[in-house]
2 protein chains.
Amino acid sequence: MSQTHPVNQEVTLSVIKTACSNCNLRELCLPYGMSIDELERLDDLVSTRRRVKRGDHLYRAGEVFDAIYAIRSGFFKTDVLLEDGRDQVTGFQMAGELLGLDGISTEHHTCNAIALEDSEICAIPFSRLEVLSREIHTLQHHFHKVMSREIVRDHGVMMLLGTMRAEERLAAFLLNLSQRFTARGFSHAEFYLRMTREEIGSYLGLKLETVSRAFSRFQEEGHIAVQQKHIRILNVNGLKALMHHRAV
Amino acid sequence: MSQTHPVNQEVTLSVIKTACSNCNLRELCLPYGMSIDELERLDDLVSTRRRVKRGDHLYRAGEVFDAIYAIRSGFFKTDVLLEDGRDQVTGFQMAGELLGLDGISTEHHTCNAIALEDSEICAIPFSRLEVLSREIHTLQHHFHKVMSREIVRDHGVMMLLGTMRAEERLAAFLLNLSQRFTARGFSHAEFYLRMTREEIGSYLGLKLETVSRAFSRFQEEGHIAVQQKHIRILNVNGLKALMHHRAV
DNA sequence: GCGTTCGCTTGATCCAAGTCAACCATAAAA
DNA sequence: TTTTATGGTTGACTTGGATCAAGCGAACGC
């Protein structure tokens, strides 16, 4: 590459921009709660940035695990494949969230992570994260919290799959998305779905037709406005009520 | 209490017996992979042993979290209660397994842990565990693996709830129990269920009648012998086949 | 600009599991 | 020993969501 001064400057700028210490997601992501000095030590670790094009795998089930990934921008899904060919989407991840925690257990990834739009991720080599988290207490503690939060989230999904009916599931799903978009500074009431009806259905344990019908019903009842993947929430409380419709 | 010599000796003996370094579950539990010296440092931490009677809570959702618990003996369930009164069993835990990991995230427990038989647990103060795991790399790494394993387990349950039909779920459940009993040195083919049909159903997202019917069907087909809570597995491969019966 | 593809919607029908109800078995209480 | 309570089984019926099928609209490649 050219080594002229202007280009070097540009490279430097770009490096600064990719550092955790300057990342506008740091309050959502791994750096949460860390001091300026501590952040600079984390920057060292998280130097590798990578683009993942829509439809491409970030990692695949079975591959050796050596890093977790923070989503810098974009949108992912994770899915698990059963031996008999059935598969299920286990989660949708957006900016500031971590991918790959499931791989720590066996040192192999146990699911596929696929970009649903062109995305950018920060790779965090796991063994180095363990070293650093021995030294930075806040990092250690926050990492534990993030793992625990993932467990709590999964319990919520189990609850949804085990006790809720179709419309309740979809209402819960929309409210969850809305809440996560809000946390990222986007509108809570209007967003684009990055995933298909089939992927939503897979995640919610429903068929795509059922998802589609539920969307139509919500629209008829004035809770939301749907136009393909564009969703506007017209009545949050209506959705919340729907979510707990039938206490069986 | 009496301070005579024999009694003191008994106390000492009892303390030695409760230490991780002498625990016969150490290969299944938190101490996995630790050296003798390291184990002795862990012993300090895990000094509190507690009995929990059948039906009693180890902790309740909403309580402040300050420790995780290793099951020394016995059997637990965890369940989550939704605002609208619905609840679901999120897991069954047996000797050597950890309880309470969900509480790290918010510093409050997010589920109830209830003993299904008279049990004994070791309390592990969490902040002290974090301190020690900064010093003992194997402890740190193993703890991360345990948390990750919990995430992978939950994905398995999501898979089960999202894609499997009733008989497949129950077959998977029985095989899972069998495998965990085996890992603890018990028969893989014969065991007592500690939970009711209703609790199994709640965990599997089914009604108790459906669970009961599936048991009867498995018995008719010669896969298992059921007598109340006593289960004998007669045909493991039959169950495995059942588990992947319909690749929809 | 046009055909092809992919994702979505909607309708008709079907079935697995839920619901309701009766009854049985075991264990604890009286 | 009988009574009561709790948990389990089984049958008859209902239903929510799956399945099958047709058609539509937007996006993309040629």
Side-chain angles (χ1 to χ4, degrees), chain A residues 53-55 77 86 88-89 114 116-118 160-174 192-221 224-231 242-243 245-248, chain B residues 53-55 77 86 88-89 114 116-118 160-174 192-221 224-231 242-243 245-248:
Chain A
K53 279 192 123 52
R54 180 194 152 106
K77 69 168 178 181
R86 281 182 283 199
Q88 184 171 25
V89 172
I114 298 149
L116 294 181
E117 60 183 25
D118 291 355
L160 180 145
L161 292 170
T163 71
M164 292 188 177
R165 35 190 69 258
E167 295 193 358
E168 294 169 342
R169 293 183 202 187
L170 190 66
F173 173 72
L174 289 175
Y192 278 91
L193 298 172
R194 270 70 172 187
M195 69 295 280
T196 66
R197 303 290 192 262
E198 185 164 24
E199 286 161 338
I200 297 173
S202 172
Y203 179 63
L204 299 178
L206 302 169
K207 292 291 156 183
L208 70 98
E209 293 95 328
T210 306
V211 173
S212 180
R213 280 186 240 272
F215 271 129
S216 301
R217 179 79 89 94
F218 288 179
Q219 178 151 262
E220 276 168 35
E221 288 171 355
I224 61 173
V226 194
Q227 202 172 16
Q228 301 289 116
K229 301 202 164 173
H230 181 239
I231 303 284
L242 263 169
M243 197 176 135
H245 207 219
R246 294 180 29 122
V248 185
Chain B
K53 280 193 123 54
R54 179 193 153 107
K77 70 168 176 181
R86 282 182 284 198
Q88 183 172 27
V89 173
I114 297 148
L116 293 181
E117 60 183 25
D118 291 354
L160 179 145
L161 292 170
T163 72
M164 292 188 177
R165 31 191 70 257
E167 294 194 358
E168 294 168 341
R169 294 183 200 185
L170 191 65
F173 174 72
L174 290 174
Y192 278 91
L193 298 173
R194 270 71 171 186
M195 69 296 280
T196 66
R197 303 289 191 263
E198 185 164 22
E199 285 162 337
I200 297 172
S202 172
Y203 180 62
L204 298 178
L206 302 169
K207 292 290 156 184
L208 69 98
E209 294 95 328
T210 306
V211 174
S212 180
R213 280 185 240 272
F215 271 129
S216 302
R217 178 79 89 94
F218 287 179
Q219 178 151 261
E220 277 167 32
E221 288 172 354
I224 62 173
V226 194
Q227 203 172 15
Q228 302 287 115
K229 302 203 166 175
H230 181 238
I231 303 283
L242 263 170
M243 198 174 135
H245 206 217
R246 294 181 29 123
V248 186

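Letters go in sequence order (proteins before strands), and every chain restarts at 1.
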Side chain of [X], base of [N]: donor and acceptor closer than 3.5 Å?
{"X": "A/Arg197", "N": "C/dT10", "answer": "no"}
{"X": "B/Arg213", "N": "C/dT19", "answer": "yes"}
{"X": "B/Glu209", "N": "C/dC20", "answer": "yes"}

Within the structure shown, what part of the strands sits under 4.0 Å from [X] by heavy-atom distance: base, sugar-phosphate, or nothing?
{"X": "A/Leu206", "result": "sugar-phosphate"}
{"X": "B/Thr196", "result": "sugar-phosphate"}
{"X": "A/Gly205", "result": "sugar-phosphate"}

Checklist entry - Just how far is it from atom CD1 of A/Ile200 to atom NZ of A/Lys229, taken to the nearest 0.5 Å? => result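 Here the rounded value is 8.0 Å.
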Item to check | Gap separating the CG atom of B/Leu174 from the CD1 atom of B/Ile231, nearest 0.5 angstrom | outcome: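 Between B/Leu174 CG and B/Ile231 CD1, I get 6.0 Å after rounding to 0.5 Å.
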Rounding to a whole Å, what distance do you find between [X]:[atom1] and [N]:[atom2]?
{"X": "A/Leu208", "N": "D/dA18", "atom1": "CG", "atom2": "C1'", "result": "11 Å"}
{"X": "A/Glu198", "N": "C/dT9", "atom1": "CD", "atom2": "C1'", "result": "15 Å"}
{"X": "A/Gln227", "N": "D/dC24", "atom1": "CD", "atom2": "P", "result": "18 Å"}
{"X": "A/Lys229", "N": "D/dG25", "atom1": "NZ", "atom2": "C1'", "result": "14 Å"}
{"X": "A/His230", "N": "D/dA26", "atom1": "NE2", "atom2": "C1'", "result": "16 Å"}
{"X": "B/Lys207", "N": "D/dG7", "atom1": "NZ", "atom2": "C1'", "result": "16 Å"}
{"X": "A/Arg169", "N": "D/dG17", "atom1": "CZ", "atom2": "C1'", "result": "10 Å"}
{"X": "A/Glu199", "N": "C/dC6", "atom1": "CD", "atom2": "P", "result": "14 Å"}

Checklist entry - Between A/Arg169 and A/Met164, which heavy-atom pair has the shortest distance, and what is it? => result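 Of all heavy-atom pairs spanning A/Arg169 and A/Met164, the closest is NE-O, 2.8 Å.
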Checklist entry - Any donor-acceptor pair under 3.5 Å linking the side chain of B/Arg197 with the backbone of B/Leu208? => result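 Flag not set: sc B/Arg197 to bb B/Leu208 has no pair under 3.5 Å.
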Checklist entry - What's the verdict on side-chain contact (heavy atoms from CB on, under 4.5 Å) for A/Leu161 and A/Gln88, showing C-alpha distance, side-chain angles and the deciding distance? => result CA-CA 12 Å; A/Leu161 292 170; A/Gln88 184 171 25; 4.1 Å; yes
Next on the checklist: Less than 4.0 angstrom between a side-chain N/O of A/Thr210 and OP1 or OP2 of D/dG17, yes or no?
Outcome noted: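 Checking A/Thr210 against D/dG17: no side-chain N or O falls below 4.0 Å of OP1 or OP2.
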Next on the checklist: Check this one for me: any side-chain N or O of A/Ser216 less than 4.0 Å away from OP1 or OP2 of C/dT9?
Outcome noted: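 For A/Ser216, the contact criterion (side-chain N or O under 4.0 Å from OP1 or OP2 of C/dT9) is not met.
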Next on the checklist: Please compare A/Val211 and B/Val226 by the position of their nearest nucleotide in DNA chain D and report the one closer to 5'.
Outcome noted: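 By nearest-heavy-atom nucleotide position, the 5'-most residue is B/Val226.
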